[in-house]
Number of protein chains: 2
Amino acid sequence: MATLKDIARETGFSVTTVSRALNGYFDVSEGTRTKIEQTAKRLGYSPNIIARSLVTKQSKTIGFIVTDLKRESIKDNFMYETLCGVSDTLASTTYEFVVLSTSTAKQKNKTYRQICAERQLDGVVIQGLKIEDPYLIEAMDSDTPCVLIDIPIEGEKAAYVTSNQFESAKQAVKYLRRMGHEKIAYMNGSEHAHVSQIRKKAYEEALRETGVELDPALVVNGDFEEEMARRAALHLLLNRSDVSAFFCASDVMALGVMQAAKELGIQIPKDLSVIGFDNILLSRYITPKLTTISQQPYEMGSAAAEMLIQLIEGHDGERQIELKNELILRESTSNR
Amino acid sequence: MATLKDIARETGFSVTTVSRALNGYFDVSEGTRTKIEQTAKRLGYSPNIIARSLVTKQSKTIGFIVTDLKRESIKDNFMYETLCGVSDTLASTTYEFVVLSTSTAKQKNKTYRQICAERQLDGVVIQGLKIEDPYLIEAMDSDTPCVLIDIPIEGEKAAYVTSNQFESAKQAVKYLRRMGHEKIAYMNGSEHAHVSQIRKKAYEEALRETGVELDPALVVNGDFEEEMARRAALHLLLNRSDVSAFFCASDVMALGVMQAAKELGIQIPKDLSVIGFDNILLSRYITPKLTTISQQPYEMGSAAAEMLIQLIEGHDGERQIELKNELILRESTSNR
DNA sequence: CTGTTAGCGCCTTCAC
DNA sequence: GTGAAGGCGCTAACAG
């Protein structure tokens, strides 16, 4: 691969001049610039970003840290869509991104600082971390800019993008209330995820505001997994025939609930109304079609990347973005 | 961030010795090694891969070049699953990967060589390129090792992983033949994709071997898109009421075919049998459940990454891997 | 306008 | 066993 040195030798100019010519500085005469550009082209020169990074301290690469980039999530695709958003936005910049799949366990082996330092990451997009994950704390007082997805924590160099999940979750529960449901169960996701906490709070608040006393027995946990949700729902529905509606913190868990209902001969929506969260692809293909809350993961990824670039380049602008979710009424809900 | 120099200053040794101690060379005394290791730890040292790359010529990063990493493909998830495979395999190595989303158009702006050179990529996994894409030719006579997914071309530094699609496609068509179908239409994908060509060839060969004359009018093109497939199928089915079966080069296109049939009041499988390709998640959720051919994208990604590491590190081993597909019989096919 | 000098953080001879 | 010197490819002062 041709280097600046090669071009310098060919053209007779110094490496410095060649560098400046190729980087569009104005203190090079038109003549030498064209000459240098031509031989650069002839030699198939292309700058070594690695070498450049070493001196400029900018690697032009950002990290996309995700928890458990796993095949199972083809059902929700949340990760994939945010990744597409990030990728598309970055495509029009000079930045590239490395995918860093992590887990709570892995975070003990390599610190966040190390990850950033090793490759001199210019910035980081974080997705799917648990609230007590080491990386989250580290990220907050790190010098490398970062944008959190769905975890609303602000920091000196940290921004976040989230959605109005609280309001939309409340809206879903209140919708069930208006339909006459009173014994509304809630299928929560992993307790360690911020989104779980907030959705649960929304559920509780919606009930309170509509005059329903909270019944802790109606709150179960499916850890965002279909099978866990199925079992939890099975258990609950078996013991509590008074439950007439189920609000789930994710569509995948709603799938589990529907399966459990089917096994028990409970008809949806006649005997049980179900609302999910995410508006996954499957939700409109299953029977009955699932009433759910749509999110905009692609837009989240894309907004995150945009904010990150702003942070990296020191511009000021939005530090928090809240995207709008929407309650999508379909066939899995009906009057009590 | 602490550097070797910092550790050298602290311990009193030279940078050279510190480097050797930390890299496990044996020509350092036990005492100095432990001392150096301790202060390295204390200072939170972690090597600067960028700087190291510059001298070792190994960036420890591989490129994952994909065509059109786009949100639409949440329906097939092929890309995502291979990505997971690559990610998981790389997780146990010291390599990281950058996602490089490209397109035929983009390939004119930046050459494959440049992409590899700029970041000194140690190797590349290529997925989804069209057969006349510039990158494909360039990759073949490039010095950086690469592994192709689903494009069986071998090269000095190139390996590939694919599946027995030819056989499995033939199997599918022959299955339709055994069910008594004679007028079997074929919905092809993009002509520029290698997989399209091979599946089409399989279709033709299966017909020939079972004594059916080829009818070019029965071969239509949906470009791997649902809507395009829907329209193409609509057109064909409208004009050719003798068609009793449809073999599709992808499940997504099969979805389009099923939609077209529905619009025309054609019952599946009573009036029309449909077979897809990919075994996407949706295929077993729709009604009727789609008969299809399953692939193993995750395993492809994972195998590709493994082979790539072998190539990079100069070990010899398999250069071609063929994974097994499987015909999955469900509800969209029946006797003529 | 152009060249010289210096250095980014690291590794690899080659001496001692 | 340890250190000095040199260089990877590039950019950033600083002179001229």
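If you're wondering where the values come from, they're calculated on a predicted model, not measured in any experiment. A note on names: the letters A, B, ... follow the listed sequences, proteins ahead of strands, and every chain is numbered from 1.
Rounding to whole angstrom units, CD1 of residue Ile50(B) and C1' of dT11(D) are separated by 15 Å. We find that CD of Gln120(B) is positioned 8 Å from P of dG9(D), with the value rounded to whole Å. We find that NZ of Lys60(B) is positioned 14 Å from C1' of dC11(C), with the value rounded to whole Å. What separates CZ of Arg119(B) from C1' of dG9(D) is a distance of 15 Å, to the nearest Å. When rounded to the nearest whole Å, the span between CD1 of Ile36(B) and C1' of dG1(D) equals 11 Å. Going from atom CZ of Arg9(B) over to atom C1' of dG3(D) covers 17 Å, rounded to whole Å. In this entry the distance linking CG of Leu4(B) with C1' of dG3(D) reads 14 Å, nearest Å. Per the geometry, CD belonging to Gln58(B) stands 14 Å off C1' belonging to dC10(C), to the nearest Å.
In this structure, Lys35(A) does not pair ionically with Glu10(A), as no charged nitrogen and carboxylate oxygen lie closer than 4.0 Å.
Ranking dT4(C), dC10(C), dC10(D) by closeness to the Tyr45(B) side chain, first place goes to dC10(C). With dG3(C), dG9(C), dG9(D) as the candidates, the nucleotide lying closest to the side chain of Asn48(A) is dG9(D).
Screening Thr17(A), Leu43(A), Val15(A) against Ile7(A) for a side-chain contact (heavy atoms from CB on, under 4.5 Å) leaves a single residue, Leu43(A).
Side chains of Gln127(B) and Thr82(B): a donor on one and an acceptor on the other come within 3.5 Å.
Contacts of Thr16(B) with the nucleic acid, taken as non-hydrogen atoms under 4.0 Å apart, include base atoms. Using a 4.0 Å heavy-atom distance criterion, Val15(B) is classed as making no nucleic acid contact. Backbone-only engagement by Thr32(A) is indicated by non-hydrogen atom pairs under 4.0 Å involving sugar-phosphate atoms exclusively. Residue Ser29(B) is classed as a sugar-phosphate contact, given heavy-atom separations below 4.0 Å to backbone atoms only.
For the pair Thr89(A) (side chain) and Val86(A) (backbone), a donor-acceptor distance under 3.5 Å is absent. One N or O on the side chain of Glu138(A) and one on the backbone of Tyr112(A) form a donor-acceptor pair closer than 3.5 Å.
Using a 4.5 Å cut-off on side-chain heavy atoms (C-beta onward), Thr3(B) and Asn48(B) make no contact. Two residues are said to be in side-chain contact when any heavy atoms from C-beta on lie closer than 4.5 Å; Tyr80(A) and Leu69(B) meet this criterion. A heavy-atom distance below 4.5 Å is found between the side chains of His194(B) and Pro152(B).
The phosphate of dG9(D) has OP1 or OP2 within less than 4.0 Å of a side-chain N or O from Lys57(B).
When the local axes at the two ends of the helix from dC1(C)-dG16(D) to dC16(C)-dG1(D) are compared, using 5 base pairs at each end, they differ in direction by 40° after rounding to 10°.
Here Ser92(A) pairs with nothing under the side-chain hydrogen bond (donor to acceptor under 3.5 Å, both in side chains) rule; sequence neighbours left out.
Across Arg20(B) and Arg33(B), no two heavy atoms sit closer than the pair O-NH2, 4.2 Å.
The base of dT12(C) is not paired with the side chain of Thr56(B) by any donor and acceptor separated by under 3.5 Å.
Comparing Ala51(B) and Thr17(B) against DNA chain D, the residue whose closest nucleotide sits nearer the 5' end is Thr17(B). Place Arg52(A) and Lys5(A) on DNA chain D by their nearest nucleotides, and Lys5(A) ends up nearer the 5' end.
Applying a 4.0 Å cut-off to non-hydrogen atoms, the residues of residues 18-28 of chain B that approach DNA chain D are Arg20(B), Asp27(B), Val28(B), listed by residue number.
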